[in-house]
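Chain letters run A, B, ... following the sequence lines, proteins first, then strands; residues in each count from 1. Excluded from the calculations below are hydrogen atoms, water molecules and symmetry mates; all remaining heavy atoms, backbone and side chain alike, are included.
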Protein chains: 2
Amino acid sequence: MAATRERLLRAAELCFAERGYEGSSLRDITRVAKANLAAVNYHFSSKQDMWVEVMQRRIGPLLLERHRMLAEVRAAAPRGGPLPLEKVCEALLLPVARVYYAGGDSPAVISRMIGRLFSEPNFLRQEIDRRGLSQSGREFRAALREALPEFSEKEFKWKFYFCICALLGALARQGRQPGLQGSMDTSDIEELVRHLVPFLCGGLREPMPAKRAPRPTRGKKSSK
Amino acid sequence: MAATRERLLRAAELCFAERGYEGSSLRDITRVAKANLAAVNYHFSSKQDMWVEVMQRRIGPLLLERHRMLAEVRAAAPRGGPLPLEKVCEALLLPVARVYYAGGDSPAVISRMIGRLFSEPNFLRQEIDRRGLSQSGREFRAALREALPEFSEKEFKWKFYFCICALLGALARQGRQPGLQGSMDTSDIEELVRHLVPFLCGGLREPMPAKRAPRPTRGKKSSK
DNA sequence: GTCTATAAAGGGATAGAC
DNA sequence: GTCTATCCCTTTATAGAC
């Protein structure tokens with residue numbers, strides 16, 4: 001069956017999302033997929049190639065949709081003026097919630113997997129980067145920059161960094177942080193995005209406080 | 001040498017920070033430590049026990065300092081009033097920057113390792129939780145809650161979740177996100193904290209927009 | 001405490017029958 | 001396309017000499 005390939009992709013997705021690349025053995029994955037161990041090498045030729053395939057088939061459509069939404073935001077914005085921050089953030093986030101509702105897919109698992117991608121060793125991201133992830137990142141950085149012209153380049157770099165960290169963390173950890181997520185349903189990605197957009201915008205817009213009186217050099221003083 | 005134990009702890013810290021628990025073999029670790037493979041089992045009896053030891057010796061002092069700083073914030077705040085959000089966030093973050101400057105330690109590596117802790121399988125966190133991490137988390141959740149009384153419990157839960165995600169992500173990823181961190185030095189933890197505090201505070205304070213309606217402050221066309 | 005040697009299990013990959 | 005059987009390597013852990 002060619003359906004074996006699909007079952008393998010889904011099983012690998014699940015395992016990678018939960019335990020990462022190194023933590024997921026091919027034996028685990030084939031057991032979950034109810035497939036034979038040798039099927040992995042038949043369909044993908046190696047574990048690493050399967051990893052790339054698993055990631056790419058989810059990230060590809062996501063980047064397309066992001067690009068499309070961002071173009072919409074640009075088209076609607078007044079020429080020359082700053083881009084609307086909320087809209088840019090939505091274009092960054094909503095595709096995650098929208099692209100993965102095809103039959104049987106779990107947006108929670110997929111977004112967790114994508115969030116995890118950035119905790120993996122760099123060599124596991126090179127191929128994904130080459131296929132468009134890096135470029136999409138730069139595109140969004142530029143859009144955010146246009147939405148936040150008031151900051152110095154250095155301040156913007158920090159804000160962009162924190163923004164990506166919050167976004168990736170919120171995706172990677174949803175549904176699996178005991179003690180952190182009492183009754184709320186972090187696996188409802190639409191809801192997550194709805195709350196995350198204002199959080200990011202608030203953090204991004206917050207000005208840096210004026211530098212206060214010189215800090216104590218290292219740690220002893222408690223004169224607050 | 002008893003110094004072997006120390007070299008092992010540092011080497012393990014480095015490896016766990018870079019590649020995670022499953023990605024770090026005892027062979028890797030003992031090679032970095034210039035120690036014999038069998039030394040791990042002699043000093044720690046198992047890889048998992050060493051993991052707990054590596055984490056605990058860094059997290060323990062961190063939690064103590066957090067507790068101390070938070071007590072200071074409470075003592076300085078007017079009774080009954082809300083706690084000052086910036087101070088609470090600083091008590092959450094500054095200890096990471098301050099506790100690890102003892103001879104030879106790298107705050108960048110240590111904070112990366114701590115940030116990674118939350119991407120590891122849950123069983124690797126149970127012992128650390130039991131030794132105070134969970135309780136410290138609850139303590140800070142309560143303090144943040146007192147600093148943000150204006151939100152509903154549900155909204156606060158989301159904000160707290162995002163706050164922790166941004167914090168852990170910023171720690172875990174510093175120094176190793178190519179393309180994301182152009183010229184800035186994310187391994188300067190003091191500087192990271194100085195920028196992260198306003199980002200978190202801005203995100204935490206930002207009110208939720210009215211549901212499914214154009215934002216009240218700006219009559220803007222909504223395209224959903 | 002440290003070392004060599006090795007056990008015992010698990011990992012990715014492959015050959016070849018069907 | 002799928003399966004069994006197996007190769008060969010790495011992993012964690014341990015035994016026992018020094």
Side-chain angles (χ1 to χ4, degrees), chain A residues 1-57 113 116-117 119-128, chain B residues 1-57 113 116-117 119-128:
Chain A
M1 280 189 286
T4 297
R5 185 188 156 91
E6 181 64 19
R7 289 206 316 281
L8 281 172
L9 286 170
R10 284 175 194 269
E13 184 163 277
L14 200 67
C15 292
F16 290 151
E18 296 311 310
R19 312 247 329 184
Y21 180 83
E22 316 256 19
S24 307
S25 72
L26 293 184
R27 283 170 172 82
D28 291 338
I29 293 169
T30 50
R31 193 174 350 98
V32 170
K34 298 188 202 307
N36 187 279
L37 177 59
V40 170
N41 278 64
Y42 175 78
H43 286 285
F44 305 101
S45 78
S46 80
K47 184 187 182 185
Q48 194 172 333
D49 286 357
M50 179 171 69
W51 159 268
V52 171
E53 185 67 20
V54 165
M55 284 291 165
Q56 187 59 30
R57 75 160 185 158
M113 181 187 73
R116 255 192 190 281
L117 169 59
S119 309
E120 300 290 352
N122 281 336
F123 78 92
L124 287 174
R125 237 187 46 230
Q126 287 171 2
E127 181 63 17
I128 319 287
Chain B
M1 282 191 283
T4 297
R5 185 189 156 90
E6 181 64 20
R7 288 207 317 281
L8 281 172
L9 286 170
R10 284 175 194 269
E13 183 162 277
L14 200 66
C15 293
F16 289 152
E18 296 311 311
R19 313 246 330 183
Y21 180 82
E22 317 257 20
S24 308
S25 72
L26 294 184
R27 281 174 171 78
D28 292 338
I29 293 168
T30 50
R31 193 173 349 99
V32 171
K34 300 186 201 305
N36 187 278
L37 177 60
V40 170
N41 278 63
Y42 175 78
H43 286 284
F44 305 101
S45 79
S46 79
K47 182 186 182 184
Q48 193 172 334
D49 286 358
M50 179 172 68
W51 159 268
V52 171
E53 185 67 21
V54 164
M55 284 290 164
Q56 187 58 31
R57 78 162 183 156
M113 180 188 73
R116 254 191 189 282
L117 169 59
S119 308
E120 300 290 353
N122 281 337
F123 78 92
L124 286 174
R125 238 188 46 230
Q126 287 171 2
E127 181 63 18
I128 318 287

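- Distance B/Y42 OH to D/dC18 C1': 14 Å, rounded to the nearest Å.
- Counting only heavy atoms from C-beta outward, the side chains of A/F16 and A/L117 never approach each other to under 4.5 Å.
- One interatomic measurement links the two molecules: CZ of A/R7 to C1' of D/dG1, which rounds to 12 Å at whole-angstrom precision.
- D/dG1 atom P lies 18 Å from atom CG of A/L37, rounded to whole Å.
- Residue contacts for B/T30: at a heavy-atom cut-off of 4.0 Å it reaches no nucleic acid atom on any strand shown.
- Between B/L8 and B/T4 there is a side-chain heavy-atom pair separated by less than 4.5 Å.
- For C/dG10, the base has no donor-acceptor partner in the side chain of A/R27 [N/O atoms by modelled type, under 3.5 angstrom].
- The residue among B/S46 and A/A35 whose nearest nucleotide of DNA chain D is located toward the 5' end is A/A35.
- Residues A/L9 and A/E13 have side chains not in contact (no heavy-atom distance under 4.5 Å, counting atoms from C-beta outward).
- Contact check, A/S45 against C/dA13: no side-chain N or O comes under 4.0 Å of OP1 or OP2.
- Atom CZ of A/F44 is separated from atom C1' of C/dT14 by 17 Å (rounded to the nearest Å).
- As judged by a 4.0 angstrom heavy-atom cut-off over every strand, A/A39 is placed among residues making no nucleic acid contact.
- Between A/S25 and A/A38, the residue anchored nearer the 5' end of DNA chain C, judged by the nucleotide with its closest heavy atom, is A/S25.
- What separates CG of B/L26 from P of D/dA13 is a distance of 6 Å, to the nearest Å.
- In this structure, B/R5 atom CZ and C/dT2 atom P are separated by 12 Å, rounded to whole Å.
- In this structure, A/K34 places its NZ atom 17 Å from C1' of D/dT2, rounding to the nearest Å.
- Rounding to the nearest 0.5 Å places CG of A/L124 at 11.5 Å from OG of A/S119.
- Out of D/dT2, C/dC3, D/dT14, the shortest distance to the side chain of B/N36 is found at C/dC3.
- For the pairing with B/E53, the side-chain hydrogen bond (donor to acceptor under 3.5 Å, both in side chains) check across B/H43, B/R5, B/Q48 returns one residue only, B/R5.
- The CD atom of A/E22 sits 13 Å away from the C1' atom of D/dT11 (whole-angstrom rounding).
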